[in-house]
> 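Got a structure for you, written out below as structure tokens; questions coming shortly.
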There are 2 protein chains.
Amino acid sequence: MIANQNYNIAIADDHKLILAGIRNIVLDNQLGTVVGDASNGFQLLQLLQHKKVHLAIIDVNMPEMNGVQTAKKIVELYPDVAILILSQYENIELIKELKIIGVKGYLSKSFESDQLIEGIKTIKENCNYFPLLDREHITFKKDKTQLTTRELEILSLIAKGKTSKEISCQLFLSQYTVETHRKNCMRKLEVNSTIQLINVAKDKGYILYE
Amino acid sequence: MIANQNYNIAIADDHKLILAGIRNIVLDNQLGTVVGDASNGFQLLQLLQHKKVHLAIIDVNMPEMNGVQTAKKIVELYPDVAILILSQYENIELIKELKIIGVKGYLSKSFESDQLIEGIKTIKENCNYFPLLDREHITFKKDKTQLTTRELEILSLIAKGKTSKEISCQLFLSQYTVETHRKNCMRKLEVNSTIQLINVAKDKGYILYE
DNA sequence: ATTTAAATACCAACTTATTGGTATTGTGTA
DNA sequence: TACACAATACCAATAAGTTGGTATTTAAAT
């Protein structure tokens, strides 16, 4: 067991106020030492090169390099660093994906700071912290609106403002294929326009950065 | 001059972590007493009915009732409450509008927490705090990409996923008129699809809540 | 009094998106 | 092996969005 003052925490979030907020919560509750912060994944990875970090708290919605990409890289390069993911949304599929990647915890931002404290303490004791998954375990239901990998890929390109034609060129696909995927996404999310598609997809956390 | 411990502050933000963050900054720097917080404008207005508040710190991007709408209501109903607006973006036109409405300060979230502290201190001394406007004063430039009130109104409806036809019905306009406004928005923001229009408009802070 | 800008409205040609189908291939699983 | 599903591709009809114009009215500013 590492003493609290020797438990090194790094934070990545593109909102400075949230960085400061987390930093304060960590300090006030003596959960560890914040050895640095970052506004995106690249900065966090740079930080990890120079400093010994036990826990990385990462926002999933960051520009440049989002939380999922960053988490994958960290697990690959620094398997000893525990990862706690913060997100605005409660997307069960995303949480499951992150758990498989190897992150230690997932917290929705709509939760109180108490949960952050609990999450850090739990991870510090080398346990996983996925309160949303546990809840889901009780009220288990097969989600029909799951999007496939390809659908998510195309969705993120649509969200960036690309047309079906442009996407088909970029992915070396037929325009028809892209339109089929688009259509299936719309059916699954029960919408009937591109804007609604993107709005709902963001709401449900299928698109990580706008 | 009100003593710090008697300076009552209310905070409105839909992110609990930011609420906690601001609360901590206020406490740690002994800037006042946080007498309550809210997740949207309605909650904040309810709070003001029951508690004496000297300063309301309001996030501009909130669901249900956004920061601008909330600020207007507060100025109307509680003209003695000072307002500090927080935003993710640096939209000079928005800041000017807020200043005219009567808010006392505007802070971009990309700024450090030092600025929040400075902002609260400045407003407490009954001065305005608009660091972005002051900067703008030096590098003054007439912005050609200003959107009109009507354009902003239509833009926000487009962002909600409504079609031109639906918008024309809702606003009792010809569909042609809506399409003209849409076209002019797209020209001004230099885009050529709805999704790009909404993306850029959000980036520039023309759309306050998604 | 003249100019400028916002808001309104219309037309036509063209491009994309949307809806509702069908169909094939490969992969992994019951 | 048979089944389910993801990924691919195609067709056709309809709806919506995009582009490039013109034009009128009203209100505010010079």
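Chain A is the first sequence line, chain B the second, and so forth, proteins listed ahead of strands; every chain is numbered from 1.
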> Using a cut-off of strictly less than 4.0 Å, decide whether B/T148 has a side-chain nitrogen or oxygen near OP1 or OP2 of C/dA5.
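Negative; the distance criterion is not met.
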> Rounded to whole Å, how long is the line connecting atom CG of A/L173 with atom P of D/dA9?
5 Å
> State whether the distance check finds a donor on one side and an acceptor on the other, under 3.5 Å, for side chain B/T180 versus base C/dC10.
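It does, because a donor-acceptor pair links the side chain of B/T180 to the base of C/dC10 below 3.5 Å.
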> Indicate yes or no: does B/E153 engage B/R150 in a salt bridge with an N to O separation below 4.0 Å.
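B/R150 and B/E153: salt-bridged.
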> For a quick test of reading the model: is some side-chain N or O of B/H181 closer than 4.0 Å to OP1 or OP2 of C/dA7?
no
> Is the phosphate of C/dT16 approached by A/T163 (side-chain N or O, under 4.0 Å from OP1 or OP2)?
no
> Between B/I154 (CD1) and C/dA7 (C1'), how many Å, whole number?
9 Å
> Just checking, B/K104 and B/Y129: is the charged tip under 6.0 Å from the six-membered ring centre and within 45° of the axis?
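Not satisfied by the 6.0 Å and 45° rule.
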> Between A/E166 and A/Q170, do the side chains contain an N or O donor and an N or O acceptor separated by less than 3.5 Å?
no
> Compare side-chain N and O positions of B/S193 against OP1 and OP2 of C/dT16 and report whether any pair is under 4.0 Å apart.
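Checking C/dT16 against B/S193, no side-chain N or O comes under 4.0 Å of OP1 or OP2.
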> Any ion pair linking A/K188 and A/E151 (charged N to carboxylate O, less than 4.0 Å)?
yes
> Take B/E151 and A/I195, find for each the nucleotide of DNA chain C with the closest heavy atom, and name the residue whose nucleotide sits nearer the 5' end.
B/E151
> Atom CZ of B/R182 and atom P of D/dA16: how far apart are they, to the nearest Å?
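So the CZ-P distance, B/R182 to D/dA16, works out to 11 Å.
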> Round to a whole Å and report the spacing from CG of A/N192 to C1' of C/dT18.
9 Å
> Rounded to the nearest angstrom, tell me the gap between atom CG in A/L197 and atom C1' in C/dT19.
15 Å
> Whole angstroms only, please: what is the OH-P distance between A/Y176 and D/dA12?
8 Å
> Just how far, in rounded Å, is P of C/dA17 from CD of A/Q175?
8 Å
> Could you state the CG-P distance from A/L157 to C/dT16, rounded to the nearest angstrom?
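To the nearest whole Å, that distance equals 16 Å.
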> Under 4.0 Å between any heavy atoms, over every strand shown, what does B/T177 touch: base, sugar-phosphate, or nothing? Just pick one.
base
> Are OP1 or OP2 of C/dT16 and a side-chain N or O of A/K165 less than 4.0 angstrom apart?
yes
> Quick one: does B/K183 reach the base of D/dG17 with a side-chain donor-acceptor pair under 3.5 Å?
no
> Does the structure place the NZ or CZ of A/K124 under 6.0 Å from the centre of the six-membered ring of A/Y7, at an angle of no more than 45° from the ring's axis?
yes
